[in-house]
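Worksheet: the structure to be examined is printed underneath.
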Number of protein chains: 2
Amino acid sequence: MFSQTVEYALRAVVHLAYEAPDARTTAQIADATLVPKDYLAKVVQGLARAGVVRTQRGVGGGVVLSRDPAAITILDVVNAVEPLGRISTCPLGLRAHGVRLCPLHKRLDDALATVEAAFRSTTLADVLAEPTESVPLCDTGPALKLKVRGKGPA
Amino acid sequence: MFSQTVEYALRAVVHLAYEAPDARTTAQIADATLVPKDYLAKVVQGLARAGVVRTQRGVGGGVVLSRDPAAITILDVVNAVEPLGRISTCPLGLRAHGVRLCPLHKRLDDALATVEAAFRSTTLADVLAEPTESVPLCDTGPALKLKVRGKGPA
DNA sequence: TGTAAATCGGACTTTAAAGTCCGAATTACT
DNA sequence: AGTAATTCGGACTTTAAAGTCCGATTTACA
C-alpha cells in the first residue's frame with residue numbers, strides 16, 4: 001500500500017530525528033535502517049529537494065533534519081518523496097464538472113483523506129515520544145533502554 | 001496509493017452492481033468503465049477466484065456478482081485482487097517479538113486499519129445508494145438521471 | 001596544496017506491474 | 001454437428017519502480 005520509497009524515507013527521517021541534532025551520513029543511515037545505501041542516496045536527495053532535510057557535502061558533512069522533529073510531520077515526508085495522490089478529478093477522465101466525484105471515488109478519496117489527516121497530525125517528535133519504552137524502528141528487543149551507537153555487538 | 005488493478009476491479013464490480021442482476025461480458029464492462037479489455041479479463045479472473053463474481057463461458061455467458069451488492073464490501077474487492085497489506089511484523093525483519101510494532105510502523109498500520117475499516121463498512125449497495133442524484137463511476141454530467149445504455153450519443 | 005570524506009547526478013540493471021495477443025476450451029443455439 | 005460467443009490461460013511486450021555503479025564535485029583539514 002505504501003511504496004518502498006516512502007517506507008525508506010520514513011525510516012531515514014525517524015532515524016535522523018532520533019539522532020538529532022547530529023548529522024548522519026547516508027551510509028550511517030543506511031546501516032541503521034537496513035536500506036540499500038545507493039538507493040537511500042536517491043531518496044535523501046528527494047527529501048532534500050523538498051526541504052525536509054539539509055545535506056552537506058565533503059568531510060564532516062552528511063544529512064540533517066531541516067527543522068525540529070516536532071515541526072516535521074509524517075505527511076511532509078510522504079509528500080516529499082511520493083505525494084499521497086488525493087483523488088480530485090474523475091479517474092475515468094469523464095466530465096467531472098468540477099467538484100463532485102462519483103460515489104465510488106468519493107469513498108476512495110475519503111479514505112485517502114483520513115490517512116492524510118492522520119499523517120498530518122503526527123510529527124516525528126510524536127513518533128519518538130511514544131509513551132511505551134520501545135525504541136523507534138522496531139529494534140525493540142527485550143527492552144534495552146540504552147541508546148547504543150557503533151556497530152560492534154557489546 | 002491504490003494500484004491500477006484495484007481501481008479497475010472496483011470499477012468493474014460497481015458497474016456489475018449497477019446492472020445487477022444481469023450478466024455482462026468483460027467486453028461490455030471494459031467499454032463502460034474505460035478499462036483495457038484484455039487486462040480487465042485478468043482482473044476479473046482474480047475476482048472470480050476470490051469468489052466475488054461468477055463467470056460463465058460461451059454464448060450468453062459473462063460475469064455476474066456472486067452475491068447481492070449489499071453483501072459485497074469494497075474490502076472484499078480490494079482483498080480479492082491485491083490484499084491491503086496490513087503491517088503485522090517489523091518490515092526491517094528485526095526481532096519484533098510477536099505483537100508490538102515500533103512507533104513508526106504502528107502509526108502506519110493504524111492508518112491502514114482505518115482504511116480497512118472504512119472499506120469493510122461500505123458495500124456496493126451503499127455506493128449505488130448514495131443519497132445524491134449522481135450516477136456511479138463519474139459519468140455525472142449535468143444531472144442526467146436516465147440509465148442510458150448503448151454507445152451512440154443521444 | 002593534497003587527500004580523504006562526503007553528496008551529486010547520470011547511466012545502467014533488475015524486478016514487478018500493467019498491458020497485449022492469441023489459440024484453446026466451453027457453451028448456447030440452430 | 002456446426003457455428004458464433006464467450007471465458008481461460010499462457011506467452012509475450014511495455015512501462016515504471018527499485019536497486020546498482022561510478023565518476024564528478026564539494027568540502028574540511030593537515
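Fair warning: this is a prediction, and the values are worked out from it, not measured in the lab. So that the names make sense, note that chain A is the first sequence line, chain B the second, and so on, each numbered from 1.
- Evaluation of the side chain to side chain contact (heavy atoms under 4.5 Å, CB included) rule for B/Ala113 yields B/Arg86 as partners, not counting sequence neighbours.
- Rounded to an integer number of Å, the gap from B/Lys37 NZ to D/dT7 P is 8 Å.
- Ranked by how close their nearest DNA chain D nucleotide is to the 5' end, B/Gly61 and A/Pro36 are led by B/Gly61.
- In summary, of the residues considered (B/Val64, B/Leu16, B/Val77), a side-chain contact (heavy atoms from CB on, under 4.5 Å) with B/Val53 occurs for B/Leu16 alone.
- Straight-line distance from the CZ atom of B/Arg49 to the P atom of D/dG9: 8 Å, rounded to whole Å.
- Every salt bridge (Lys or Arg N to Asp or Glu O under 4.0 Å) that B/Asp110 has, sequence neighbours left out, goes to B/Lys106.
- Salt-bridge annotation for B/Arg67 and B/Asp76: present, with a side-chain N of the basic residue lying under 4.0 Å from a carboxylate O of the acidic one.
- The interatomic distance linking B/Gln45 (CD) with D/dT7 (P) rounds to 10 Å, in whole Å.
- Put simply, chain B comes within 4.0 Å of DNA chain C, heavy atom to any atom, from C/dA18 to C/dA28, going 5' to 3'.
- B/Leu47 CG to B/Lys42 NZ: the interatomic distance, rounded to the nearest 0.5 Å, is 14.0 Å.
- Across all strands, B/Gln56 comes closer than 4.0 Å only to sugar-phosphate atoms, never to a base (heavy-atom distances).
- Using a 4.0 Å heavy-atom criterion, one finds that A/Lys42 contacts the bases of the nucleic acid, with or without backbone contacts as well.
- Nearer the 5' end of DNA chain D, as judged by each residue's closest nucleotide, is the contact made by B/Val63, out of B/Val63 and A/Phe2.
- For B/Thr5 and B/Tyr39, the side-chain atoms include at least one donor-acceptor pair closer than 3.5 Å.
- Nearest-nucleotide positions on DNA chain C for A/Thr55 and B/Val59 put A/Thr55 closer to the 5' end.
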